[in-house]
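See below for the structure under consideration.
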Amino acid sequence: MFPIDQFQSLHTPFYYYDIALLRHTLETVVTESGKYPNYHVHYAIKANHDPKLLSIIASHGLGADCVSGGEIACAIQAGIPSHQIVYAGVGKSDAEIALALEHEIGCFNVESLAELRVINEIAEKMHRQARVAFRVNPDVDAHTHEKITTGLSENKFGISLAHLSQAVEEAKQLSAVTLVGLHFHIGSQIEQMHVFQTLCERINTIVSQLTDQGIALQSINVGGGLGVDYRHPLDHPLPDFAKYFHTFHSHLRLPQGTEIHFELGRSIICQCGHLISRVLYVKEGEAKKFVILDAGMNDLIRPAMYGARHHITHLTASHDAATETYDIVGPICESSDIFAIAQQFPHTRRGDLLAIHSAGAYGQSMASCYNSRPLAPAVYSEV
Ligand SMILES: *Cc1c(COP(=O)(O)O)cnc(C)c1O
């Protein structure tokens with residue numbers, strides 16, 4: 001599966017992207033969402049903005065979900081048509097709003113009344129019309145890690161249900177904004193389909209209340225958040241997209257012709273990326289053995305930031321190597337720079353190569369130069 005001979009000649013650490021898997025994942029997304037004629041999928045660029053990967057994603061016809069002006073520029077650079085770009089974020093700056101208006105993006109996902117007024121003001125000055133959707137905080141628990149839960153009323157995101165009617169009334173009064181729909185994004189790494197079912201039921205109630213008030217909506221954006229299998233990434237490289245889209249098809253009850261938009265990040269890009277690292281030292285501690293890697297939390301921050309655990313495999317162990325127990329750690333001067341605790345692993349030596357799997361999403365895009373370390377480059381399975 002991995003070109004070990006090629007890896008031996010490369011400087012580590014680096015991100016390795018399996019392009020065949022990315023294409024297979026994208027084809028599956030396109031096929032499964034394509035079963036429902038009004039479904040539109042946007043790729044959430046913040047998961048990974050690598051230009052080569054983005055251009056492959058664009059070539060499969062996906063739109064983009066952006067959370068900054070920089071991401072809007074990345075999407076356009078990759079060839080994603082601007083009408084397929086949606087733009088979310090609680091803190092859009094004036095310059096970012098102007099950039100989005102200049103490119104006539106598909107939709108602003110508006111997170112507050114204050115933001116709505118600013119978009120209207122800037123659009124008026126530019127003689128543009130802004131298409132907007134209100135990001136509604138539906139108060140649905142995503143049953144995921146607290147740091148990636150976004151749809152509870154205590155989170156900073158979106159407009160609360162209590163303020164929605166007022167926001168809709170105000171949007172009608174503003175001349176340079178057109179309300180096209182509602183947006184929901186309740187969190188990330190959601191593994192249980194019943195969470196999406198609950199979201200659908202909440203959306204049905206909200207939309208029917210608005211319909212009763214005489215407000216027709218062109219589109220509903222259900223956000224992203226579909227989880228991946230971090231425990232068995234090599235056995236389950238693809239999330240169950242068929243079940244995911246079918247869950248929405250079975251539970252959403254919307255007026256005929258309503259467009260349904262999705263914003264998938266992790267589920268598209270996660271499993272095709274692997275962080276490849278070399279063992280610098282094997283250290284015998286008092287009570288533990290440590291494998292010290294040349295990759296650290298600056299390259300992949302998820303373990304330190306979210307307590308995430310990534311499956312790790314040994315790429316160069318001999319077949320008859322005995323099993324030992326190691327903590328696998330990075331070189332950074334932080335105690336949280338740990339990739340695995342008490343991992344059963346083949347006997348390991350300095351110079352061995354390891355692969356940290358499921359690193360395609362929120363890996364390279366969140367990397368930093370902390371400790372003045374260079375950014376790990378990308379290597380692709382196809383040029
Ligand atoms: C991060 C984000 C997404 C993508 O989430 P995934 O869990 O990677 O699918 C979608 N929409 C919004 C608004 C986001 O902030």
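First listed ligand is number 1; within each ligand, the first listed atom is number 1. The figures here come from the full heavy-atom set of this structure, side chains too, leaving out hydrogens, waters and symmetry mates. Quick caveat: nothing in here was measured; it's all calculated off a predicted structure.
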Atom NE2 of His194 with >12 non-hydrogen neighbours under 6.0 angstrom =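 Yes, the 6.0 Å shell around NE2 holds more than 12 heavy atoms from other groups.
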With respect to Phe262, which candidate in Phe241, Phe245, Tyr36, Phe196 satisfies the ring pair (Phe, Tyr, Trp, His ring centres under 6.0 Å) definition?
->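 Answer to the ring pair (Phe, Tyr, Trp, His ring centres under 6.0 Å) test with Phe262 among Phe241, Phe245, Tyr36, Phe196: Phe245.
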Would you please classify the geometry between the His274 ring and the Tyr16 ring as parallel, tilted or perpendicular, with 30° and 60° separating the classes?
->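 Answer is tilted, since the angle falls between 30° and 60°.
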Quick test: of every protein heavy atom, which one is nearest to [atom], and how far off is it to 0.1 Å?
atom	answer
atom 8 (O) of ligand 1	Tyr362 OH, 2.6 Å
atom 1 (C) of ligand 1	Lys46 NZ, 1.2 Å
atom 4 (C) of ligand 1	Ala44 CB, 3.4 Å

Any non-hydrogen atom of Gly225 lying under 4.0 Å from ligand 1?
->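 Within the 4.0 Å threshold, so yes.
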Is the NZ or CZ atom of Arg350 both under 6.0 Å from the centre of the six-membered ring of Tyr281 and within 45° of that ring's axis?
->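 Yes, Arg350 sits over the ring of Tyr281.
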Geometric cation-pi criterion Lys288 and Tyr326, 6.0 Å radius, 45° cone =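 Judged by the rule (NZ or CZ under 6.0 Å from the ring centre, within 45° of its axis), Lys288 is not positioned above Tyr326.
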Nearest to [atom] by heavy atom, [options]: which?
atom	options	value
atom 3 (C) of ligand 1	Arg135, Gln189, Glu111, His185	His185
atom 7 (O) of ligand 1	Gly158, Cys66, Ser188	Ser188
atom 11 (N) of ligand 1	His183, His42, Glu263, Arg266	Glu263

Please determine if Leu226 has a nitrogen or oxygen closer than 3.5 Å to a nitrogen or oxygen of ligand 1.
->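 Checking ligand 1 against Leu226, no N or O pair falls under 3.5 Å apart.
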Output the distance between atom OG1 (Thr28) and atom CZ (Arg23), rounded to the nearest 0.5 Å.
->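 If I round to the nearest 0.5 Å, the distance is 13.5 Å.
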Per-atom contacts of ligand 1 with Gly265, taking only distances under 4.0 Å to non-hydrogen atoms |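 Going through ligand 1 atom by atom, the ones under 4.0 Å from Gly265 are 6 (P), 8 (O), 9 (O).
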